[in-house]
2 protein chains.
Amino acid sequence: MSNRKIISKDIARSVAQACLCLHVQRAARALARHFDDVFRPLDLTSGQYSLLMSLNRTDSTGGAPTMGDTADFLAMDRTTLTAALKPLERRGLVRIAADENDRRIKRLALTPAGNAVLAKAYALWQEFHGAIEAEMKSPSADAMRSGLIRMVEKLERGNG
Amino acid sequence: MSNRKIISKDIARSVAQACLCLHVQRAARALARHFDDVFRPLDLTSGQYSLLMSLNRTDSTGGAPTMGDTADFLAMDRTTLTAALKPLERRGLVRIAADENDRRIKRLALTPAGNAVLAKAYALWQEFHGAIEAEMKSPSADAMRSGLIRMVEKLERGNG
DNA sequence: TCAATATACTTTGATATCAACCTATCCGTC
DNA sequence: GACGGATAGGTTGATATCAAAGTATATTGA
């Protein structure tokens with residue numbers, strides 16, 4: 001008894017109800033599939049949409065977003081971003097250029113083609129994202145979103 | 001003006017605040033990294049933990065969980081599950097066997113080794129998951145979780 | 001019976017994800 | 001300038017993710 005080596009079905013049930021990891025991953029997969037479908041006419045995934053949209057930002061100095069900057073914003077490993085940019089650069093949607101003053105830094109920018117695709121994707125996003133929020137009723141979506149944001153802040157602070 | 005082809009920084013900012021896709025993916029990545037760290041001593045990822053824990057269930061007929069059954073539970077594509085099981089089966093943590101009556105169906109089960117690893121992982125999970133919930137204050141974690149669950153239900157119902 | 005359809009799962013190919021390790025550049029100090 | 005440490009990214013290898021197309025088994029209907 002004291003040296004319990006087997007997880008009972010009751011424990012498994014309670015973990016399945018409580019585990020944030022499980023529910024966040026489930027939601028991530030279901031949402032990604034949904035928006036992958038939405039953006040399929042543009043040959044864009046939901047992750048690529050978030051990445052392209054994130055390039056309309058400035059870094060802490062007001063310049064174009066950098067690799068590290070963007071990876072932090074997306075709560076993504078820097079090496080994941082390197083890989084994720086490759087198909088977008090290959091398609092000519094994103095331009096990557098070394099900073100003039102610090103050759104270590106790479107600055108990311110949307111090309112005109114990237115901007116055009118993003119504008120079309122934004123129209124789709126508005127339609128389908130609005131539908132989801134409407135179905136969830138706003139307060140519930142808001143509570144979920146603020147919980148997610150707070151959780152990421154706390155998780156990232158630890159590793160920072 | 002009417003044929004706007006460029007996403008302004010203002011629009012990008014509002015999308016970044018509102019987009020559930022972005023915030024759920026961010027949270028999924030941050031949480032996965034965190035629990036990957038937690039489970040690293042057991043050479044287990046957070047996703048593998050959820051998968052192993054999900055095998056302590058019964059399908060709709062009361063039998064051992066099947067592939068499709070488990071994929072649905074995790075809101076995961078069936079082909080993803082096929083791939084995810086391979087390292088676990090190779091390590092001898094999971095056993096996969098064709099159903100006696102319907103050879104199409106594969107039934108999944110934890111091996112004794114799988115159960116032992118899962119029991120150790122569960123102890124770690126309790127400790128670190130409790131800490132996250134405590135930091136978030138319970139009502140906020142609860143609101144987030146129920147929002148996520150409701151969202152997945154609605155998303156999966158559509159595709160069914 | 002047997003042909004058509006449906007169901008359960010697999011394989012392949014592309015992208016996503018991260019850890020571990022590596023390279024290039026900058027900065028401070030001597 | 002040269003060394004040492006710090007910073008910014010890249011590469012490799014393993015797993016995760018899904019779509020498209022495929023295989024095997026079961027069911028249904030003529």
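Every chain is numbered from 1, with letters handed out A, B, ... down the list of sequences. All heavy atoms count here, side chains included; hydrogens, waters and symmetry mates do not.
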**Asked** Hey, are B:Glu153 and A:Arg26 close enough for a salt bridge, meaning a charged N less than 4.0 Å from a carboxylate O?
**Response** no
**Request:** Look at B:Glu156 together with A:Arg33 and state whether they make a salt bridge at an N to O cut-off of under 4.0 Å.
**Result:** yes
Side-chain N or O of [X] versus OP1/OP2 of [N]: is the shortest distance under 4.0 Å?
{"X": "B:Lys86", "N": "C:dC9", "result": "no"}
{"X": "A:Lys106", "N": "D:dG10", "result": "yes"}
{"X": "B:Arg90", "N": "D:dT15", "result": "yes"}

**Message:** With the threshold set at under 4.0 Å for non-hydrogen atoms, list the residues of residues 54-62 of chain A touching DNA chain C in residue-number order.
**Reply:**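 Nothing qualifies; none.
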Interatomic distance, [X] [atom1] vs [N] [atom2] [rounded to whole Å]:
{"X": "B:Leu31", "N": "C:dC18", "atom1": "CG", "atom2": "P", "value": "12 Å"}
{"X": "B:His34", "N": "C:dA19", "atom1": "NE2", "atom2": "C1'", "value": "17 Å"}
{"X": "B:Glu100", "N": "C:dA8", "atom1": "CD", "atom2": "P", "value": "18 Å"}
{"X": "B:Asp43", "N": "D:dA14", "atom1": "CG", "atom2": "C1'", "value": "11 Å"}

**Prompt:** With a non-hydrogen cut-off below 4.0 angstrom, is A:Gly68 in contact with a base, only sugar-phosphate, or nothing?
**Reply:** sugar-phosphate
**Message:** Using a 4.0 Å heavy-atom cut-off to protein, can you give one letter per nucleotide of nucleotides 17-25 of chain D, 5' to 3': B if the base is in contact, S if only the sugar-phosphate is, - if neither?
**Reply:** BBBB----B
**A:Ser8 versus A:Asp10, side-chain donor and acceptor atoms under 3.5 Å** =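 Side chains of A:Asp10 and A:Ser8: no pair found under 3.5 Å.
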